[in-house]
There are 2 protein chains.
Amino acid sequence: MHQPDDRPADQVFTALADPTRRRLLDQLSAQGPLSATDLATGYPVSRQAVVKHLGALSAAGLLRSERHGREVLYGVVPERLDEATAWLADVGARWDHRLRALADHLRDDPDPGAGTS
Amino acid sequence: MHQPDDRPADQVFTALADPTRRRLLDQLSAQGPLSATDLATGYPVSRQAVVKHLGALSAAGLLRSERHGREVLYGVVPERLDEATAWLADVGARWDHRLRALADHLRDDPDPGAGTS
DNA sequence: GCTATTTGCAACTCCATGGTTGCACATTCT
DNA sequence: AGAATGTGCAACCATGGAGTTGCAAATAGC
């Protein structure tokens, strides 16, 4: 009864939570589609570690892999990021709205239940 | 060496990555400042677990605790969420821009080194 | 066909993190 | 003062995730 879109959000935020993954995303968007082996050269971790991160990002829908011959190129899927941004903005707006409502309520009824003792 | 604002983002995204924490944030914004004990009654975990999550959220700057007598009330700090939203939107925009630049480049120089077969 | 390069498992280690419990400390109320 | 209630701390456990290594399978180039 909270957010039906919480599952994809979970995926995305989990993916975004890892700094290596964010950096991967960043580099990928900066330098276009690259292979895992290619990417791995710029990171302090093994190629396999990068592959795992790429997998996580793909699972979150933030990347798409495309096979070219014996290479697999990973590219950014901007729409997903856009969705995540929209979700975050929505939550923020909801909070803001509720806080405003709370402030309004407090202005109308300053200290409910505090004069009972 | 990439983004100087990556540290706070790391905190925020790490905090947001946990579903319990997101729910906590949600409830807190919906029902105003509440104590850890109060919050814990609505969750399948112990009060201490909730306290830890609250601590993580506070560390990320998403919550602020305020002591009232023997109770500690936790309240949402919307600005931080706003910052996170802005950051995400910024990253998204940057990606979009780079993709556009890439598309433009490809239009000018369609397929460098790939037309050999 | 052989070799080099690259991807794709799979097994394994390590540690950060979510969760628990128990107890001490503080505060309020009678 | 003493009972209740609530917070804080610390030890502890278990799981998951990040990372590694080794090797097999596929593909490209000679």
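Since the structure is predicted, the reported quantities are computational estimates derived from the model, not experimental observations. The sequence lines fix the lettering, A, B, ..., with proteins before strands; numbering per chain opens at 1.
OP1 or OP2 of D:dT20 sits under 4.0 Å from a side-chain N or O of A:Ser46.
B:Tyr43 and B:Gln27 form a side-chain donor-acceptor contact under 3.5 Å, judged by distance and modelled atom types alone.
Here the P atom of nucleotide D:dG17 and the CG atom of A:Asp18 are 11 Å apart, to the nearest Å. Atoms OH (A:Tyr43) and P (D:dG19) sit 11 Å apart, rounded to a whole Å. We find that CD of A:Glu71 is positioned 11 Å from C1' of D:dT27, with the value rounded to whole Å. B:Phe13 places its CZ atom 17 Å from the P atom of C:dT17, with the value rounded to the nearest Å. In this structure, CG of A:Leu16 is placed 16 Å from P of D:dG17, rounded to the nearest angstrom. Atom pair B:Arg70:CZ and D:dG6:P shows a separation of 6 Å (rounding to whole Å applied). Rounded to whole Å, the distance from CG on A:Asp10 to P on D:dG17 is 10 Å.
Looking at residues two or more places apart in sequence or on another chain, you find a side-chain hydrogen bond (donor to acceptor under 3.5 Å, both in side chains) between A:Arg80 and A:Glu83.
No donor-acceptor pair closer than 3.5 Å links the side chain of B:Arg64 to the backbone N or O of B:Gly75. Judged purely by atom type and a 3.5 angstrom limit, A:Arg67 uses its side chain to pair as donor or acceptor with the backbone of A:Gly69.
Interface residues of residues 56-69 of chain B facing DNA chain C, ordered by number: B:Gly69; criterion, heavy-atom separation under 4.0 Å.
Under the 4.5 Å side-chain criterion, counting only non-hydrogen atoms from C-beta, A:Leu57 is in contact with A:Leu24. For the pair A:Tyr74/A:Ser35, no side-chain contact is recorded, criterion being any heavy-atom separation below 4.5 Å from C-beta on.
Between A:Thr20 and B:Tyr74, the residue anchored closer to the 5' end of DNA chain D is B:Tyr74, taking for each the nucleotide with the nearest heavy atom.
For A:Arg47 against C:dG8, a side-chain-to-base donor-acceptor contact under 3.5 Å is present. No donor-acceptor contact under 3.5 Å links the side chain of B:Gln48 to the base of C:dG19. For A:Lys52 against D:dG17, no side-chain N or O and base N or O form a donor-acceptor pair under 3.5 Å.
Clustering ILVMFWY residues whenever any of their side-chain heavy atoms sit less than 4.5 angstrom apart, transitively, puts B:Leu28 in the very cluster that holds B:Val72.
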